[in-house]
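Read through the structure below, which is laid out as structure tokens, and then see the notes.
All values below come from the heavy atoms of this structure, side chains included, with hydrogens, waters and symmetry mates left out.
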Amino acid sequence: IMASRVIYGVADRGQLPSIFRRIEPRTGTPVVATAAVTAIILVLALAFDIASLAGMTSRLALIIFTTVNLALILLKRRAPVPTEGPNLPLWVPATGAVLSLCLLLADLL
């Protein structure tokens, strides 16, 4: 569900084809994005065993967490500091990035 919403949001910003922006009027869900994600998950589920797929999913989540924390560090170092969103001290995303990276490295070793 999250992946289809991300694809919808990226398409809504014009960085993916506009077909992924299509919303079902009755339910308000991104139908094409959901169908695309479902197809990708089906292919992956048929191509890999569940343990390998779970490991890849965990590593991907840690990579995303690390990237988001690093992006937040870069945003906080910019002048002027963005006013939207929570104003966290710099150590919060730095700690998140380090811990996520350590967990990723521990999983790979």
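- The OG1 atom of Thr34 lies 13.0 Å from the CZ atom of Arg22; values are rounded to the nearest 0.5 Å.
- Contact record, Ser4 with Pro30: O-CG, 4.2 Å, taken as the closest heavy-atom pair.
- The shortest side-chain heavy-atom distance between Ile7 and Leu16 falls under the 4.5 Å cut-off.
- Considering every non-hydrogen atom in both Pro89 and Lys76, the closest pair reads C-CE, 4.0 Å.
- Leu42 is not connected to Leu53 by any chain of hydrophobic side-chain contacts under 4.5 Å among Ile, Leu, Val, Met, Phe, Trp and Tyr, and they are in different clusters.
- In this structure, Val10 and Arg13 have side chains that are not in contact, with every pair of non-hydrogen atoms separated by 4.5 Å or more.
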List, one per line, each side-chain donor-acceptor pair under 3.5 Å for residues 102-109, sequence neighbours excluded.
unit_1 : atom_1 : unit_2 : atom_2 : d
Asp107 : OD2    : Arg59  : NH1    : 3.0

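- Under the 4.5 Å side-chain contact rule for hydrophobic residues, Trp91 and Leu88 share a cluster.
- Cluster membership check: Ile41 does not share its hydrophobic cluster with Val43, using side-chain heavy-atom separations under 4.5 Å among Ile, Leu, Val, Met, Phe, Trp and Tyr.
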Check: residues 62-75 side-chain donor-acceptor pairs under 3.5 Å, at least two apart:
unit_1 : atom_1 : unit_2 : atom_2 : d
Thr66  : OG1    : Leu62  : O      : 2.8
Thr67  : OG1    : Ile63  : O      : 2.8
Asn69  : ND2    : Phe65  : O      : 2.9

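- Ser52 places no side-chain N or O within 3.5 Å of a backbone atom of Phe48 that could act as its donor or acceptor partner.
- Heavy atoms only, all atoms of each residue included: Tyr8 and Arg21 are closest at CE1-O, 3.4 Å.
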